Enquirer: 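Here it is, the structure in full.
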Amino acid sequence: MLPKRAVLFLKASFLVKLIRLIGSQDKKMTAPAGLSDEVVAHLTSEVMIIVSVRAGSDRATIARSTGALYCGDKGWVSLFVSAPQWPETVEYAGVGGLIAATFTRPDNYISYQIKGRIVDIGPATEAETTQAASYVENTLATMARLGVTRVQLSHTFAQGQLVRISFLPRELFIQTPGPQAGLKLYEPAQ
Amino acid sequence: MTISLGSLRDSFDGVIPSIIATLDEEGQPNISYLSHVHYVDESHVALSNQFFSKTATNVRRLGGASLVVVDGRSGQQHQLNIEFVRAFDSGPLFDKMHTHLSAISALHGMENIMRLKSADLYRVRDCRRIEAATPLEAAPPPLPARHDLHRITHLNTHIAAQDESETMLDAALDGLHNDFGFGHAMILIAHPDSDSLSAIAQRGYAPGGVGAEVRIGEGLIGTVAASRQALRISDLRRARRYVSAVALATEAQNDREIPLPGLAQPLCQLAVPMLSQGQLRGVIFVESERAFAFRHEDEDTLTLIAQQLASSLHLCELQEQPATTVPVTTAPLPREGRFRLRYYPYDGSVFINDDYLIKGVPGRLLYGFVRAFVDDGRQDFSNREIRRDTALKLPDFKDNLETRLILLRRRLEEKEGPIGLERPERGRIRLRLSAHPDIEIISEG
C-alpha cells in the first residue's frame with residue numbers, strides 16, 4: 001500500500017492535471033464543439049473504441065470502432081464501424097441521432113467518453129479504410145506488448161465494409177476507472 | 001434465448017472487459033466497461049456496480065441494457081439484451097463478486113481503487129453471437145466436453161478409505177497430479193489459533209516449502225482462505241509484471257520465512273477452500289504456465305475433492321487415539337557429534353546451527369520433544385500424551401495436532417539435519433537424534 005503522503009501527492013497531481021485539462025477545454029469552448037489537442041491525440045491513438053446509439057425505447061446498441069479521425073475545422077469526430085459485424089449500430093445510427101463513444105488506452109486504462117449528435121454517415125473512403133487498417137496494426141502491436149494475443153482480439157477489429165459515422169461532440173467525460181469516472185469535463189457553449 | 005448462458009461462462013471471467021450500454025431519459029446512450037459479469041443461472045447474470053453511476057441510474061429508470069461479453073480464450077463475442085431486476089449490497093451474491101473483484105484488483109495493483117458498490121442482478125432477455133466480419137485468426141478448436149464425475153468419485157472414495165491424515169494428503173495430491181493432470185499442486189493447512197496457512201504437501205515443484213506460510217487475506221491463496229470461496233485466474237499475462245514485482249518485494253523478508261513453492265511465470269491459477277462443518281481447514285492451490293489451463297469444471301472438481309479431504313482430515317483429528325499409553329522407552333543421547341538448537345519461546349521458532357527450521361506450534365512441539373529426550377532420555381510420545389502433557393508446555397490447542405506433526409516431520413526430512421521424527425505406529429511419534437543437542441533458549445523477542 002502506498003504511504004499516505006504518496007497518496008495525497010498523487011491525488012494533488014491528478015487534480016492539477018484535471019484543472020489544466022478543464023482549462024484547456026474552456027479555451028476551446030468558443031469553437032464549435034472543439035476538443036483539446038490532448039483529447040484529440042488520445043482518441044486518435046491506439047485506443048479501444050466503443051460506439052453506442054439508441055435502438056428502440058429502452059436499449060442502446062454496442063459496436064467496436066476500427067479507428068477514429070478528428071476534423072478540426074468542423075469539430076467532428078468520425079468513427080469507422082464494420083456494417084456486417086455490427087449491423088444493429090449501423091442500422092440505428094441516423095443523422096441527428098444521439099451517440100456515445102469511449103476511447104480507452106489499454107496500457108494505463110485512461111479513458112474518455114464523448115457524447116454528441118450524429119452529423120454524417122457514409123461508406124468509408126479507400127484512404128479511410130487504409131487508415132483504419134493502420135490503426136488495427138498499431139493497436140495489435142500495443143496489445144501484444146501487453147500480453148494480449150491476436151486470437152484474443154480476432155473478433156475485435158473488424159475491417160470489412162466500414163461505415164463512417166461522424167458526430168459533433170456535446171459532452172466529454174472522464175471514464176478512467178476510479179472515483180473520477182463519470183466526471184464531466186466539457187459542455188457545449190451556451 | 002437461442003444460446004445457453006452456461007456455455008458462455010468462459011466469457012464472464014473478466015479476462016477481456018465486458019461492455020454495457022444504457023440510455024438516459026433523453027435517449028442519450030452511455031457506455032461503461034465492466035470488470036466482472038457473474039453467471040447466476042441460465043436466465044440471469046449479475047454485474048459489478050463500481051463506478052458507473054450513470055449506468056446504475058439509467059437501468060434503474062429504464063430497466064433495459066445491452067451487454068457485450070468476450071471469451072478471453074477464443075475472442076468470440078456475444079451480445080446480451082438484459083433487464084435490471086435488483087441490486088444487492090450484501091448477501092452471498094455480493095460476497096462472491098466482492099471476493100473475486102478484490103483478488104483480480106490486487107493482481108492489477110488496483111485493490112484500493114476497484115471497490116464494489118453493489119451486485120446488480122439482471123434477467124437476460126436474449127443472447128446472440130456476434131459473427132466476426134474479418135477474423136484475424138482462425139478460431140481455436142472448441143474445448144472438449146468433460147466427464148469428471150467418475151474420476152471425482154474414484155478419488156474421493158480413495159481419500160475416504162484412508163485412516164491417517166498423511167495418507168489422505170498424499171492420496172489427494174497423487175490423484176490431482178496423476179488422474180486430473182494438475183502439474184503443480186499444493187495443500188495448505190489452516191490453524192484455528194493462527195492468522196496464516198501452512199504448506200504441508202505439494203506436487204510438481206522442487207523439493208521444499210513444507211511449513212511455508214501464507215497470511216490469511218493476502219494473495220490469491222490468502223484471499224480464498226479469508227473468503228472461503230474458490231477463485232480462478234484464467235490469464236495472468238497482463239498481471240504478470242505486477243505479480244513478479246510483488247514476488248521480488250516479498251522474497252525472504254526475514255530469517256524466519258520459508259519460501260512458498262511456486263512457478264516463476266504462472267499464467268493460470270486456481271485455489272479452493274477446504275471446508276468442513278463450516279470451518280476452514282485449508283486451501284488447495286493449483287497453477288499452470290499455460291493461460292486458460294483451468295476451466296469452470298476444474299473449479300468444480302477441485303471444490304468437491306477439497307470438501308472430501310477437509311472432512312476426512314477433520315474426522316481423523318477428532319477420532320480418539322488408542323487408549324493405551326506409550327511405554328516409556330528411554331535411549332541414551334548420541335555421544336558423537338553435537339549441534340546447536342536455538343529456541344525462541346515467544347514465537348516458538350527453532351534454529352538448528354543458525355539455520356531456521358520452523359516456528360509456532362510445530363516449533364514448540366519439537367522443542368518439547370528434544371527437551372524431554374535431553375532431560376529424561378525419552379524418545380517416544382503418543383498423540384494423546386502430547387495433548388495432555390503439561391510438562392511439554394504446549395499451548396492450549398485442540399485441533400490439528402496430527403497435521404502439525406506431519407508438517408514438522410516433513411520439514412525435518414527436507415532439512416536432512418540431526419533431528420528426525422518417525423511414526424512407529426498410528427498416534428505415536430518417535431524422536432531420532434543423530435548428534436547431541438546443545439539447547440539454547442533465547443528469551444527476548
Side-chain angles (χ1 to χ4, degrees), chain A residues 1-2 7 48 50-64 66 82-86 88 97-102 104 106 109 111 113 115-117 136 140 146-162 170-171 173 175-182, chain B residues 15-17 19-24 26-33 35 50-55 58 62-68 70-77 79 81 83 108 110-115 130-140 235-241 267 291:
Chain A
M1 184 180 293
L2 286 169
V7 172
M48 303 299 287
I50 310 296
V51 195
S52 178
V53 298
R54 180 176 186 164
S57 59
D58 75 341
R59 211 168 55 78
T61 70
I62 297 174
R64 293 183 187 273
T66 312
S82 169
Q85 177 147 340
W86 306 104
E88 191 181 36
L98 296 171
I99 186 171
T102 56
T104 306
Y109 307 109
S111 182
Q113 179 159 190
K115 295 179 180 176
R117 200 172 281 281
V136 171
L140 282 171
L146 296 170
V148 185
T149 64
R150 285 176 69 89
V151 170
Q152 287 176 296
L153 296 167
S154 185
H155 300 235
T156 299
F157 300 112
Q159 299 179 62
Q161 298 176 45
L162 292 179
R170 296 198 316 160
E171 299 170 296
F173 301 85
Q175 191 88 355
T176 310
Q180 280 80 26
Chain B
V15 175
I16 295 178
I19 305 152
I20 185 170
T22 56
L23 288 179
D24 71 7
E26 295 174 351
Q28 169 67 60
N30 184 78
I31 305 163
S32 282
Y33 277 102
S35 60
Q50 294 159 247
F51 322 111
F52 49 106
S53 55
K54 183 67 177 176
T55 298
N58 286 353
L62 215 52
S66 292
L67 179 68
V68 165
V70 187
D71 185 316
R73 189 183 72 92
S74 67
Q76 176 63 55
Q77 303 178 95
Q79 177 156 332
N81 179 351
E83 180 181 0
H108 287 82
M110 300 177 77
E111 57 269 52
N112 294 321
I113 298 172
M114 299 171 79
R115 196 166 51 82
I130 298 169
E131 299 299 339
T134 51
L136 298 172
E137 301 280 342
D235 186 357
L236 282 160
R237 273 177 284 210
R238 294 187 71 178
R240 194 155 69 175
R241 280 174 299 171
L267 287 186

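The chains referred to below are lettered A, B, ... by the order of the sequence lines, with proteins before strands, and numbering in each begins at 1. Being a predicted model, the structure only gives us computed values, none of them experimental.
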Enquirer: Without swapping roles, check the side chain of B:E137 against the backbone of A:R150 for a donor-acceptor pair under 3.5 Å.
Expert: no

Enquirer: Check whether A:R64 gets within reach of chain B through its side chain, its backbone, both or neither, counting any heavy atom under 4.5 Å.
Expert: side chain

Enquirer: Between B:P29 and A:A100, which heavy-atom pair has the shortest distance, and what is it?
Expert: O-CB, 3.3 Å

Enquirer: Please check if the side chain of B:Q28 supplies one atom and the backbone of A:I99 the other of a donor-acceptor pair under 3.5 Å.
Expert: yes

Enquirer: For A:S52 and B:A21, indicate whether the former's side chain and the latter's backbone hold a donor-acceptor pair under 3.5 Å.
Expert: no

Enquirer: Which region of A:Q113, side chain (C-beta onward) or backbone (N, CA, C, O), has a non-hydrogen atom less than 4.5 Å from a non-hydrogen atom of chain B, or is it both or neither?
Expert: side chain

Enquirer: Do you know which of B:I19, B:V70, B:V68 has the most heavy-atom pairs under 4.5 Å to chain A?
Expert: B:I19

Enquirer: Examine distances only and state if a side-chain atom of A:Q175 and a backbone atom of B:I31 form a donor-acceptor pair shorter than 3.5 Å.
Expert: yes

Enquirer: Out of B:N58, B:L67, B:N81, return the one with the most heavy atom pairs under 4.5 angstrom to chain A.
Expert: B:N81

Enquirer: State, yes or no, whether a side-chain contact exists between B:N30 and A:K115 at a heavy-atom distance under 4.5 Å.
Expert: yes

Enquirer: Counting C-beta onward and ignoring hydrogens, is there a side-chain heavy-atom pair between A:I62 and B:I20 closer than 4.5 Å?
Expert: no

Enquirer: Looking at B:A291, B:P135, B:A139, which makes the most heavy-atom pairs under 4.5 Å with chain A?
Expert: B:P135

Enquirer: Do A:T61 and B:S66 touch side chain to side chain, with heavy atoms closer than 4.5 Å?
Expert: no

Enquirer: Please report the closest heavy-atom contact between B:T134 and A:F157, naming both atoms and the distance.
Expert: OG1-O, 3.9 Å

Enquirer: So which of B:Q77, B:E26, B:E131 has the largest heavy-atom pair count under 4.5 angstrom toward chain A?
Expert: B:Q77

Enquirer: So which part of A:S82 gets closer than 4.5 Å to some heavy atom of chain B, the side chain, the backbone, both or neither?
Expert: side chain

Enquirer: About how many Å separate CE of A:M48 and OH of B:Y33, when rounded to the nearest 0.5 Å?
Expert: 6.0 Å

Enquirer: Specify which of A:T104, A:V51, A:L153, A:T149 makes the most heavy-atom pairs with chain B at under 4.5 Å.
Expert: A:T104

Enquirer: Does some side-chain heavy atom of A:R59 sit less than 4.5 Å from a side-chain heavy atom of B:E83?
Expert: no

Enquirer: Using heavy-atom distances under 4.5 Å, tell me whether A:A101 contacts chain B through its side chain, its backbone, both, or neither.
Expert: backbone

Enquirer: For A:E88, is it the side chain, the backbone, both or neither that has a heavy atom under 4.5 Å from a heavy atom of chain B?
Expert: side chain

Enquirer: Quick one: does A:H155's side chain get under 4.5 Å of B:Q76's, heavy atoms only?
Expert: yes

Enquirer: Do A:Q152 and B:D71 pair up side chain to side chain, a donor and an acceptor below 3.5 Å, judged on atom types alone?
Expert: no

Enquirer: Kindly give the heavy-atom pair with the smallest separation between B:L23 and A:A60, and that separation in Å.
Expert: CD2-CB, 3.8 Å

